[in-house]
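Given the structure is predicted, the values throughout are model-derived calculations rather than measurements. All chains are named by letter (A, B, ...) in the order of the sequence lines, taking the proteins before the strands, and each is independently numbered beginning at 1.
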Number of protein chains: 2
Amino acid sequence: MDEIGGRHRAKNAQGEERMARRSSAQGVAAGEEPRAEALARIAALVGAPHALTDPTLMAPFLADERGLYTGRAAMVVRPATTAEVAGVVRICAEAGIAIVPQGGNTSLVGGSVPHEHGREIVLSLSRLNRIRAVDAANDSLVAEAGVTLAEVQAAAAEADRLFPLSMASEGSCQVGGVLSTNAGGTAVLRYGNARELTLGIEVVLADGRVLDLLSGLRKDNTGYDTKQLFIGAEGTLGIITAAVLKLFPRPREVETALVALPRLGAVTELLARLRRASGDAVSAFELIPRIALDFVLRHVPGTSDPLAGAHPWYVLVELSSPRPGTGLREALEQALSGAVEDGLVADATLASSEAQRAGLWRLRDAIPEAQKREGGSIKHDVAVPVARVPEFIETASRAVTAEMAGIRVVAFGHAGDGNIHFNLSQPEGMDRDAYLARWFDFNRIVHDIVAGMGGSVSAEHGIGRLKRGEFARYADAAEIELMRRIKAAFDPKGILNPGKLLPPE
Amino acid sequence: MDEIGGRHRAKNAQGEERMARRSSAQGVAAGEEPRAEALARIAALVGAPHALTDPTLMAPFLADERGLYTGRAAMVVRPATTAEVAGVVRICAEAGIAIVPQGGNTSLVGGSVPHEHGREIVLSLSRLNRIRAVDAANDSLVAEAGVTLAEVQAAAAEADRLFPLSMASEGSCQVGGVLSTNAGGTAVLRYGNARELTLGIEVVLADGRVLDLLSGLRKDNTGYDTKQLFIGAEGTLGIITAAVLKLFPRPREVETALVALPRLGAVTELLARLRRASGDAVSAFELIPRIALDFVLRHVPGTSDPLAGAHPWYVLVELSSPRPGTGLREALEQALSGAVEDGLVADATLASSEAQRAGLWRLRDAIPEAQKREGGSIKHDVAVPVARVPEFIETASRAVTAEMAGIRVVAFGHAGDGNIHFNLSQPEGMDRDAYLARWFDFNRIVHDIVAGMGGSVSAEHGIGRLKRGEFARYADAAEIELMRRIKAAFDPKGILNPGKLLPPE
């Protein structure tokens with residue numbers, strides 16, 4: 001969850017905007033009168049109170065989470081049912097009105113807000129907020145697009161099950177957005193991301209037809225698995241209105257440890273040993289560099305270093321088992337002892353209470369907040385093959401330090417998934433704006449290294465509007481062409497979230 | 001793994017053939033001279049010994065596993081590298097020659113053999129047979145399309161890892177076919193099917209370009225996940241030439257039990273309890289009806305009933321953990337005792353040795369073989385939501401019995417996945433051919449019930465050539481249309497495995 005300096009990003013937003021306006025203009029060309037009539041029909045369909053045109057009421061739907069973009073819209077439409085969504089899309093398809101689907105509006109890449117030209121409508125899924133069914137025997141539930149992630153978790157818990165997907169925005173992000181962005185979060189290592197947690201979807205196609213893929217089957221080999229395309233498509237291929245989500249047994253045994261490493265290179269072998277020792281029960285494996293811990297200890301009240309002495313790297317490890325009494329703690333202790341003997345681990349502490357566990361997680365979770373206090377930060381949300389995490393961090397650290405003396409590398413995050421938040425705090429004493437002006441220079445340096453290692457320049461946040469340029473730079477031309485063909489096949493009129501995800505043509 | 005009476009299926013094959021010929025004729029129209037020249041270029045590219053035209057040498061590539069179809073081909077081409085595959089496809093794209101990709105040729109639905117008109121070429125991937133890399137730290141390996149499943153398992157074991165996908169044909173089926181059919185097997189309940197086990201692929205597109213999606217990343221949210229389309233596409237969208245496959249820790253503790261149920265309805269609750277009690281360690285949950293056990297005891301030498309007394313239903317349960325000494329046996333015993341007390345379980349026996357374990361599995365694995373001895377069998381490979389397995393079996397059993405007195409329902413298989421082999425043995429004493437002549441009548445009865453429950457008429461075998469009609473009958477029209485658009489977008493000339501998977505137009 002990285003944060004980006006608003007002013008600086010606004011500059012980029014303008015660049016992206018020029019491209020978006022062009023592609024949007026291609027996609028949509030409708031006379032004013034049919035448009036006005038279509039908007040009136042939409043308002044009649046969903047009911048006037050749910051067809052917002054008042055600027056004050058529309059405002060929360062027009063600006064993104066990070067304050068990078070503030071768009072305009074012809075209308076914010078809030079249908080209550082799949083049938084209403086389908087009706088709105090049908091009208092828009094006929095009238096050539098572009099639609100920006102929106103869930104909790106928590107996109108970190110500007111994926112869920114309209115462009116500045118104001119000809120799009122925002123289609124908010126928030127009123128599709130029912131849990132339609134909980135099927136404990138099938139370990140699944142059916143949630144509508146507007147149900148928040150926290151509500152899904154609660155419904156699962158009520159059925160004595162776990163829905164493992166979890167992230168900072170879970171109180172406001174919604175199922176439709178979670179699936180449309182293939183969200184990651186903190187439990188990917190063990191349970192996979194949103195795609196792996198989805199058994200089926202219901203989706204409104206670009207012509208307003210409803211595709212019901214909600215069977216919830218565990219096995220079905222009849223034809224292409226079309227649902228996979230809508231997952232992660234950021235609303236550009238269809239509008240997800242409901243989903244069948246997988247449930248799991250709840251964890252009954254959880255062990256948490258902060259482990260100090262003598263050197264970064266030990267991280268890969270430690271992960272392998274813990275997975276082996278715990279029977280693949282590693283549910284979190286978060287890398288923390290000393291500098292991040294220093295930032296947290298300096299800026300976040302109530303935190304303290306649980307280990308004596310400073311170490312260059314730490315890992316926050318969590319093991320969990322849905323069965324109690326399987327000796328997870330002993331397995332963890334034994335694995336760590338062996339790792340100490342073999343020089344892979346310098347020191348470690350295991351939480352002995354829920355309070356201690358929360359304290360260890362606080363050290364990890366407070367990093368972004370603490371980093372803000374250290375001035376400007378240039379962010380990267382990248383992934384490399386798990387085994388290459390140390391190599392990536394070392395190579396990229398050398399490269400950015402060569403570019404700017406005194407730059408402070410804060411590389412942390414989901415090392416168990418190969419997903420590193422490679423964030424760069426400004427040199428002490430440097431002017432913040434002058435530093436942030438180098439944003440794209442550092443992006444280029446870091447992303448070139450990531451690409452050279454077969455990595456991803458967007459591990460969990462998607463492309464949206466912000467990363468279309470980076471996507472274009474690093475993607476395979478043949479793959480982009482296939483994606484364009486898919487887009488044309490699914491949304492021939494280009495009315496679904498234009499100017500998002502696909503690179504500018 | 002059901003078997004189908006050859007003569008009867010041949011009739012169906014002819015029906016499918018008429019449709020296939022029509023669609024194939026649409027896809028491919030090339031003059032004889034350019035064709036001959038193109039075939040010569042292909043032979044030059046791969047080397048004459050690998051461009052077979054001799055009927056005797058071609059024969060094994062032209063007939064399918066079940067003996068349903070015997071096709072003809074202009075050539076059987078055996079390239080050795082991805083570059084050679086790409087070269088062959090490029091030539092075929094230019095000349096309009098249709099290609100039937102083939103791995104181990106173990107398709108149960110005629111998906112991997114050419115049509116009878118003889119204008120297609122078979123492209124065998126068998127010579128792409130290298131394990132390119134094993135990356136234990138990333139828990140993955142890269143295998144080429146022609147590597148057999150057994151070879152993948154062996155390479156994983158050598159790295160002290162498990163590749164869990166396992167099925168009867170594993171000695172001959174190959175990675176390319178396994179992925180192209182999204183194969184299931186016996187470990188789906190715990191590890192998922194081929195799709196869930198794939199991190200990346202390399203694929204040759206219909207125009208001969210190579211798409212390299214082999215990064216092996218655990219997280220990557222840059223654009224549509226195109227690899228998902230090629231998985232399960234049965235070679236109709238591209239030709240998979242290599243894959244990054246997920247590895248897992250090896251099981252160190254395995255407990256196996258044969259559990260007798262007093263009634264079918266108990267099966268769902270038993271599964272839920274075992275999953276809860278074992279911490280989701282249930283790795284097999286196979287339903288066996290008494291009649292299947294009777295068939296096995298009657299026809300398979302060396303088998304015996306491990307339980308006293310006859311029970312209407314049994315489940316073969318296996319729990320496994322990659323960590324030894326976690327008390328899985330105690331958990332299983334305790335869960336079963338509780339289930340006996342609550343009337344969910346009538347009796348049970350736990351294997352105490354590897355020999356006993358093999359003996360219990362033999363009772364399950366021998367069912368198809370034993371059933372053959374009881375005369376004609378009409379087969380269904382269907383899936384319903386896990387919770388509805390009992391309802392499906394009861395409803396369908398009533399319906400087929402009402403249609404034919406004395407018919408013997410043998411419903412067995414992967415109940416934990418909702419995947420039942422609903423096989424129907426002929427009434428005792430009835431003429432076999434007269435019985436098998438009713439094949440499609442019973443398909444209709446059973447599949448209508450499956451469809452009414454939101455189920456699948458092909459849970460794990462795919463569509464191929466055999467099930468196109470059934471697919472067309474039960475699929476959503478909008479979804480079929482999307483699939484046709486995808487096909488047109490990926491393979492505009494229709495040269496990749498025409499007349500397979502998609503329903504006849």
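Ring pair A:His447/A:Tyr474 is perpendicular by interplanar angle, where above 60° counts as perpendicular and below 30° as parallel. The aromatic rings of A:His421 and A:His461 sit parallel, their planes meeting at an angle under 30°, below the 60° perpendicular limit.
Looking at B:Leu271, neither its backbone nor its side chain comes within 4.5 Å of chain A, counting heavy atoms on both sides. Of the atoms belonging to B:Asp280, heavy atoms from both backbone and side chain fall under 4.5 Å from chain A. Contacts between B:Leu502 and chain A at a heavy-atom distance below 4.5 Å involve the side chain alone, from C-beta outward. Residue B:Asp417 touches chain A through both its backbone and its side chain, counting heavy-atom pairs closer than 4.5 Å. Interface residue B:Glu481: only side-chain heavy atoms are found under 4.5 Å from chain A. If you measure heavy-atom distances from B:Phe471 to chain A, the contacts under 4.5 Å come from the side chain alone. For A:Arg195, the part lying near chain B is the side chain, with the backbone staying farther off; criterion is any non-hydrogen pair under 4.5 Å. Using a 4.5 Å cut-off between heavy atoms, B:Thr181 touches chain A through its backbone atoms (N, CA, C, O) alone. Of the atoms belonging to B:Arg250, not a single heavy atom falls under 4.5 Å from chain A. Of the two parts of A:Asn182, the backbone and the side chain both hold a non-hydrogen atom closer than 4.5 Å to a non-hydrogen atom of chain B. B:Arg209 touches chain A through its side chain: at least one heavy atom from C-beta onward sits under 4.5 Å away, while N, CA, C and O do not. With a threshold of 4.5 angstrom between heavy atoms, B:Asp476 approaches chain A through side-chain atoms but not through N, CA, C or O. A:Leu328 touches chain B through backbone and side chain together, each having a heavy atom under 4.5 Å away. The contact between B:Ala331 and chain A is made entirely by side chain atoms (from C-beta outward), counting heavy-atom distances below 4.5 Å.
B:Val386 places a side-chain heavy atom less than 4.5 Å from the side chain of A:Arg218. Counting only heavy atoms from C-beta outward, the side chains of B:Leu179 and B:Phe230 never approach each other to under 4.5 Å. Residues A:Val109 and A:Ile463 are not in side-chain contact: their nearest non-hydrogen atoms beyond the backbone lie 4.5 Å or more apart.
Here the closest heavy-atom approach between residue B:Asp491 and residue B:Ala206 is recorded as OD1-CB, 3.5 Å. For B:Ser140 against B:Val244, the heavy-atom pair with the smallest separation is CB-CG1, 3.8 Å.
B:Thr268 and B:Arg388 are not linked by any side-chain donor-acceptor pair at a separation below 3.5 angstrom, with hydrogens and angles left out of the test.
Of the listed residues (A:Gly325, A:Ala233, A:Gly418), the greatest number of heavy-atom pairs within a distance under 4.5 Å of chain B belongs to A:Ala233. Counting heavy-atom pairs closer than 4.5 Å to chain B, the top-ranked of the candidates A:Ala475, A:Ala277, A:Ala183 is A:Ala277. Highest contact tally toward chain A, considering only B:Leu501, B:Ile480, B:Asn221, B:Asn419, is held by B:Asn221 [criterion: heavy-atom pairs under 4.5 Å]. Per-residue heavy-atom pair counts under 4.5 Å with chain B were compared for A:Gly327, A:Ser458, A:Ala383, and the maximum is reached by A:Ser458. When each of B:Ala477, B:Gly223, B:Ser215 is checked for heavy-atom pairs under 4.5 Å with chain A, B:Gly223 comes out on top. Counting heavy-atom pairs under 4.5 Å between each of B:Lys487, B:Glu196, B:Glu479 and chain A puts B:Glu479 at the top. Your options are A:Gly216, A:Pro385, A:Ala272, and the one with the most heavy-atom pairs under 4.5 Å with chain B is A:Pro385. Among the candidates A:Leu237, A:Asp139, A:Leu213, the residue making the largest number of heavy-atom pairs closer than 4.5 Å to chain B is A:Leu237. For the set A:Pro249, A:Pro251, A:Ala281, the count of heavy-atom pairs under 4.5 angstrom toward chain B peaks at A:Pro249. Here B:Asp220 is the residue among B:Asp220, B:Asp160, B:Asn138 with the most heavy-atom pairs under 4.5 Å with chain A. Comparing B:Ala459, B:Gly184, B:Pro322 by how many heavy-atom pairs each has under 4.5 Å with chain A, the most go to B:Ala459.
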Quiz prompt | Audit row: A:Leu229, A:Tyr224, side chain to side chain contact (heavy atoms under 4.5 Å, CB included) steps and yes/no | solution = CA-CA 10 Å; A:Leu229 278 180; A:Tyr224 309 143; over 6 Å; no
Quiz item: What's the verdict on side chain to side chain contact (heavy atoms under 4.5 Å, CB included) for A:Val389 and A:Ile420, showing C-alpha distance, side-chain angles and the deciding distance?
Solution: CA-CA 8 Å; A:Val389 163; A:Ile420 297 299; 3.9 Å; yes
Quiz prompt | Steps toward salt bridge (Lys or Arg N to Asp or Glu O under 4.0 Å) verdict (B:Arg329, B:Glu255) | solution = CA-CA 6 Å; B:Arg329 190 176 185 91; B:Glu255 295 297 337; 2.7 Å; yes
Quiz item: Checking side chain to side chain contact (heavy atoms under 4.5 Å, CB included) for the pair A:Met167/A:Val178: CA distance, chi angles, key distance, verdict?
Solution: CA-CA 10 Å; A:Met167 49 190 183; A:Val178 162; 4.0 Å; yes
Exercise. Check step by step if side chain to side chain donor-acceptor pair (under 3.5 Å) holds for B:Ser320 and B:Arg190.
Key: CA-CA 9 Å; B:Ser320 64; B:Arg190 174 74 168 279; 3.1 Å; yes
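Atom CD of B:Gln334 is surrounded by 12 or fewer heavy atoms from other residues, nucleotides or ligands within 6.0 Å.
Looking at A:Glu253, its side chain does come within 3.5 Å of a backbone N or O of A:Thr326 through a donor-acceptor pair.
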